[in-house]
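Everything below concerns the one structure shown next.
Below, chain A is the first sequence line, B the second, and so on; all start at residue 1. Both backbone and side-chain heavy atoms feed into the values below; hydrogens, waters and symmetry mates do not.
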Amino acid sequence: MKSYLVGAGRYDGRPLDTLAAQPEFRRATRNMCFAYLAAMAALEFFSPEGTLGLIVATSHGELEVTLSFLDELRRSGVARPLLFQNSLHNAILGFLARQLGVRGPAITVSDEHDSGENAVRTAELLLATEKIDAVLVVGVDTIPRVHESLFHSLYPATPGEGAGAILLAREGQAAFDLSTTNGGPVPAGYYDSDYVEALAVAFKDRATEILRSRPDGSATHTRLQWQT
Amino acid sequence: MAAIRQAMERAGWDRLRDDDAIFLATTTGLLPVWEGDFLGAGGDLLANFRSEPLGASLRALRSELGFRGHAQVITSACAASTHALVLASRWLKTGRAKRCLVGGVEILSRLTVEGFKSLQLLSSETATPFDIGRKGINLSEGAAFLCLERESGDSPLGKLTGGAITNDAHHMTAPHPEGRGSETAIRRALDEAGLRPSDIDWVHAHGTGSPHNDLAEGAALHAIFGDGVPVSSTKAIHGHALAASGALETIVCLEAMRSGTIPSTFGMVTPDPRIRLRHGGERAPRRVVKNTLGFGGTNGAIVLEAVT
């Protein structure tokens with residue numbers, strides 16, 4: 001069964017201050033805010049009467065909050081409950097599901113460079129087997145602002161951060177299929193789950209092909225077939 | 001790896017093939033490998049920090065097993081390994097693989113223990129799920145794996161006939177107070193299995209001993225099963241192994257089906273009257289529901305049936 005891209009969005013780099021001023025975002029992490037903004041852009045294409053599944057792809061998850069929690073524990077011996085709650089690897093999913101009212105299947109996938117691709121494969125699986133109308137896939141990774149130099153020294157080929165979201169359904173504008181191939185130069189703003197954002201950009205630009213290269217030397221080749 | 005090798009030996013799999021698939025559940029992956037360095041216990045922080053992404057667990061497994069096929073890490077908190085089982089069953093059903101290795105692994109870390117303490121969820125005594133005096137959960141660690149096949153093969157331990165994943169969309173850590181997401185997951189799993197609630201012989205609950213969780217889950221189970229189907233939790237015996245709990249307790253269910261005995265809820269002395277369930281049962285279980293709930297509002301339920 002083919003699945004189709006019917007909507008897409010991405011975090012556009014806007015400052016998060018206005019979002020942070022809203023009560024439900026006061027304690028939201030950068031990952032949650034990026035993911036939310038990307039998701040909302042994609043959901044412009046979705047009817048609110050439909051049933052939605054949700055897959056979040058993230059390689060590092062809430063690493064910044066995890067490091068902050070451990071820093072606090074080391075310094076003062078105090079474990080802060082809000083930091084712990086937000087450090088959970090599916091915290092982004094929990095936040096998005098609540099904000100978007102998603103009660104269908106909702107899963108976090110975390111597979112390093114394959115996070116975005118595996119999330120899309122999981123979404124296709126759910127579309128083929130669940131009673132849902134569409135699946136929202138959100139890929140998000142951010143660079144922790146605590147211990148940033150440690151992160152960069154470990155991941156010199158991962159200088160970027162961001163979020164992308166796509167909406168998949170059983171019929172729609174662009175059928176696609178992805179395959180793995182050998183890679184080329186890694187994009188300047190690469191981050192582990194950026195495949196989802198790459199798809200979102202391709203949808204907006206009505207591209208027919210994208211090649212996403214990864215630091216491990218592989219690449220994902222995706223063909224998009226646009227319905228007239 | 002020990003759990004994987006045991007499972008594969010029992011299944012008669014001498015090695016994994018590249019057209020198999022792996023679904024691995026974990027909540028913190030290899031965090032304990034680098035956490036100690038980070039908290040100042042010495043060691044090589046830079047080298048050990050490479051274990052930080054949750055996918056690092058899978059990377060290590062692939063290397064150990066020499067596996068190049070499809071594999072993914074599910075990190076849906078305490079419901080992660082039931083999610084992995086549901087996804088694996090779908091993977092098999094749609095012909096994407098003929099065999100799946102599925103399981104969960106959890107290694108306790110200071111972050112996990114201190115974090116749960118900060119949320120006041122831990123009990124300093126043995127957990128007493130569904131008991132009126134329950135004070136909280138006992139954390140544990142471990143690994144549990146199952147080998148799933150599309151065809152029944154030689155002497156299968158059971159059949160996975162239904163499964164579902166839902167979300168409460170309610171709160172980051174607390175479940176919906178009436179367990180609505182959990183109720184939906186169980187009903188959908190029963191639907192897929194083609195069974196009615198009265199067809200079920202036993203429900204192995206998530207049953208952590210947490211004051212709120214047990215209430216919410218109890219509400220969901222009562223809404224579906226009333227007091228007609230026995231319900232119990234075994235977490236007082238083996239603890240709450242977080243992401244591994246679904247897989248571990250699925251194995252408990254398979255053993256209960258094999259032995260013809262429903263384990264009671266160890267530690268429960270006085271059932272909480274607000275949790276209106278039938279505790280304990282005598283019927284040999286042949287159709288079982290395994291239920292799980294997790295942080296982030298996640299729910300996962302599966303239906304297991306004995307092989308006739």
Are there more than 12 heavy atoms of other residues, nucleotides or ligands under 6.0 Å from atom CD of Q120(B)? no
So what's closer than 4.5 Å to chain B heavy atoms on R75(A): side chain, backbone, both or neither? neither
For chain B, find which of P105(A), A97(A), G94(A) contributes the most heavy-atom pairs closer than 4.5 angstrom. P105(A)
Roughly how far, to the nearest 0.5 Å, is CG of L67(A) from CG of L83(A)? 11.0 Å
Given heavy-atom pairs under 4.5 angstrom as the criterion, report whether the side chain, backbone, both or neither of S76(B) touches chain A. both
Can you say whether A80(B) sits under 4.5 Å from chain A via the side chain, the backbone, both, or neither, judging by heavy atoms? neither
Please classify the contact between F69(A) and chain B as side chain, backbone, both or neither, with a heavy-atom cut-off of under 4.5 Å. side chain
Just how far is it from atom OG of S89(B) to atom CZ of R150(B), taken to the nearest 0.5 Å? 12.5 Å
Does any part of the side chain of S59(A), heavy atoms only, come nearer than 4.5 Å to the side chain of Y155(A), both counted from C-beta? no
Could you tell me if the ring centre of F49(B) sits under 6.0 Å from that of F151(A)? no
Part of L126(A) within contact of chain B (heavy atom distance under 4.5 Å): side chain
T58(A) portion near chain B, given a 4.5 angstrom heavy-atom threshold: neither
Counting C-beta onward and ignoring hydrogens, is there a side-chain heavy-atom pair between F295(B) and T27(B) closer than 4.5 Å? no
By a 4.5 Å heavy-atom criterion (distance strictly below it), what part of L58(B) contacts chain A: side chain, backbone, both, or neither? side chain
Between L63(A) and chain B, which part of the residue has a heavy atom less than 4.5 Å away: side chain, backbone, both or neither? side chain
Counting only heavy atoms closer than 4.5 Å, note whether N86(A) contacts chain B via side chain, backbone, both or neither. side chain
Is it true that R121(A) and E117(A) make a salt bridge, defined as a side-chain N closer than 4.0 Å to a carboxylate O? no
Should L101(B) and F145(B) count as side-chain neighbours, where that means a heavy-atom distance under 4.5 Å? yes
Could you have a look at P81(A), A79(A), S153(A) and say which one has the most heavy-atom pairs with chain B under 4.5 angstrom? P81(A)
Do D168(B) and N299(B) have side-chain heavy atoms sitting under 4.5 Å apart? yes
Measuring heavy-atom distances to chain B, does L88(A) have an atom under 4.5 Å in its side chain, in its backbone, in both, or in neither? side chain
Okay, Q99(A) and chain B: the region with an atom under 4.5 Å from a heavy atom over there is neither
Under 4.5 Å heavy-atom distance to chain B, tell me which part of V102(A) shows up: side chain, backbone, both or neither. backbone
What part of H70(B) gets closer than 4.5 Å to chain A, counting heavy atoms only: side chain, backbone, both or neither? side chain
Quick check on the interface: out of V109(A), L100(A), L93(A), L125(A), who has the most heavy-atom pairs with chain B under 4.5 Å? L125(A)
Can you tell me which portion of H113(A) sits under 4.5 Å from chain B's heavy atoms? Options are side chain, backbone, both or neither. neither
Heavy atoms from other residues, nucleotides or ligands near CD of Q22(A) exceed 12 (cutoff 6.0 Å): yes
Could you check whether any side-chain heavy atom of L70(A) comes within less than 4.5 Å of a side-chain heavy atom of L111(B), counting everything from C-beta outward? yes
Measure R96(B) against the heavy atoms of chain A and call it side chain, backbone, both or neither at under 4.5 Å. side chain
In the structure I gave you, are the side-chain heavy atoms of F34(A) and L16(A) within less than 4.5 Å of one another anywhere? yes
Using non-hydrogen atoms and a 4.5 Å limit, figure out which bit of T112(B) sits close to chain A: side chain, backbone, both or neither. backbone
Between M32(A) and M172(B), is any pair of side-chain heavy atoms under 4.5 Å apart? yes
Chain B shares the most heavy-atom pairs under 4.5 Å, among D71(A), T108(A), T122(A), with T108(A)
When heavy-atom pairs shorter than 4.5 Å are enumerated against chain B, which of V56(A), L154(A), T129(A) gives the highest number? L154(A)
Residues, nucleotides or ligands: over 12 heavy atoms within 6.0 Å of R170(A) CZ: yes
Which atoms of H83(B) are under 4.5 Å from chain A, going by heavy atoms: the side chain, the backbone, both sets, or neither? side chain
Region of E72(A) in contact with chain B, defined by heavy-atom distances below 4.5 Å: neither
